[in-house]
Asker: 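First the structure, which I've put down as structure tokens, then a few questions once you've had a look.
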Amino acid sequence: MNPERGCFIVLEGVEGAGKTTQIPRLAAWISSLGRTVITTVEPGGTAIGRQIRAVLLDPANTAMSATTELLLYNAARAQHVSEVILPALESGVFVVCDRYSDSTMAYQGYARGLDRDMIGALDGISTGGLKPDLTIILDLPVEAGRERNVSAGKSDRLELESAAFHERVRAGFHELAAQSEHAVMVSADGTPDEVHERIKHAVSERLCL
Ligand code: TMP
């Protein structure tokens, strides 16, 4: 790793796994270690990405094909990498990102059933080959995550997919964690404090902070 460059950390996981709670806490901890850090989100970390996100998650868009969905997530990512992530990393800033390429593989690949080699090739175009230094996959049984989302009043187009769809997403994340050198699975069960401690442990084990 280039010492001048920031580290790129991604949090992934099934719906309701707690990324939104954990990301600011992780960033605050990294900042307390004297590093400059930004947090960002996919899709949505740019003005263009937020417009794409609105189209992707609108429950009224029931006609959207799986390929359209895949291309929109990748379009948002291409903009995000070039406008936000790469410039930050190159100026030495740490980036903590809510979802990235592994979400596309889990949702559009494992759950929607699109060809995974094709998704990988497209990802190379969208990211220019930029991979996270570390991906933390927050793992939780699908039903527990859905219960958290229902109590938070969330119901967008993807969250409205069947339980079987979300089980395939979770199984996909398990496979990705097993195959990948940059990904680690962390249990999202327990209190926010307990999960935060697990995340800090995973980060400090793998990145020289
Ligand atoms: P969020 O609810 O975690 O903000 O993510 C938005 C939704 O988009 C979530 O249901 C996961 C889904 N998603 C994909 O299907 N593919 C992707 O590539 C990304 C980044 C998210």
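Every number for a ligand or one of its atoms is a count from 1 in the order of the listing. This one's a predicted model, so the numbers in the text were calculated from it and none came from an experiment.
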Asker: Can any side-chain N or O of Arg116 pair as donor or acceptor with the backbone N or O of Tyr110 at less than 3.5 Å?
Answerer: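 No; zero donor-acceptor contacts below 3.5 Å.
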Asker: Distance under 4.0 Å to a non-hydrogen atom of Leu158: what atoms of ligand 1 satisfy this?
Answerer: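 The atoms of ligand 1 under 4.0 Å from a heavy atom of Leu158 are 10 (O), 15 (O).
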Asker: Return yes or no for this condition: an N or O of Gln108 is under 3.5 Å from an N or O of ligand 1.
Answerer: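 Gln108 vs ligand 1: N/O contact under 3.5 Å present.
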Asker: Tell me, which protein residue and heavy-atom name are nearest atom 17 (C) of ligand 1, and how many Å apart are they?
Answerer: Tyr73 CD2, 3.3 Å
Asker: For ligand 1, find out whether one of its N or O atoms is nearer than 3.5 Å to an N or O atom of Asp156.
Answerer: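 The answer is no, given that Asp156 and ligand 1 share no N or O pair closer than 3.5 Å.
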Asker: Got a salt bridge between Arg206 and Asp133, using NZ or NE/NH1/NH2 to carboxylate O under 4.0 Å?
Answerer: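 Answer for the salt bridge query: no.
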Asker: Looking only at protein heavy atoms, which one is nearest to atom 18 (O) of ligand 1, and how far off is it?
Answerer: Thr104 OG1, 2.6 Å
Asker: Under 4.0 Å from a heavy atom of Tyr107: which atoms of ligand 1 are those, numbered in the order shown and with their elements?
Answerer: 10 (O), 11 (C), 14 (C), 15 (O)
Asker: Gln108 and Leu122: side chain to side chain contact (heavy atoms under 4.5 Å, CB included), yes or no, with the steps?
Answerer: CA-CA 12 Å; Gln108 282 66 52; Leu122 185 56; over 6 Å; no
Asker: My understanding is that we take every heavy atom of each candidate and find the minimum distance to atom 3 (O) of ligand 1. Doing that for Arg53, Arg77, Glu12, Arg99, which one comes out nearest?
Answerer: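 Minimum heavy-atom distance to atom 3 (O) of ligand 1 goes to Arg99.
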Asker: Under 4.0 Å from a heavy atom of Lys19: give me the atoms of ligand 1 that qualify, with their elements.
Answerer: 3 (O)
Asker: Report the nearest protein non-hydrogen atom to atom 9 (C) of ligand 1: residue, atom name, distance rounded to 0.1 Å.
Answerer: Glu15 OE2, 3.4 Å
Asker: Should Glu161 and Arg168 count as an ion pair when the cut-off is N to O under 4.0 Å?
Answerer: no
Asker: Considering only heavy atoms, does Glu69 approach ligand 1 within less than 4.0 Å through its side chain, its backbone, both, or neither?
Answerer: neither
Asker: Ignoring hydrogens and geometry beyond distance, is a side-chain donor-acceptor pair present between Tyr107 and Arg99 at under 3.5 Å?
Answerer: yes
Asker: Is there side-chain contact between Thr135 and Tyr100, with at least one heavy-atom pair below 4.5 Å?
Answerer: no
Asker: Does a salt bridge link Glu181 with Lys131, judged by any charged N lying under 4.0 Å from a carboxylate O?
Answerer: no
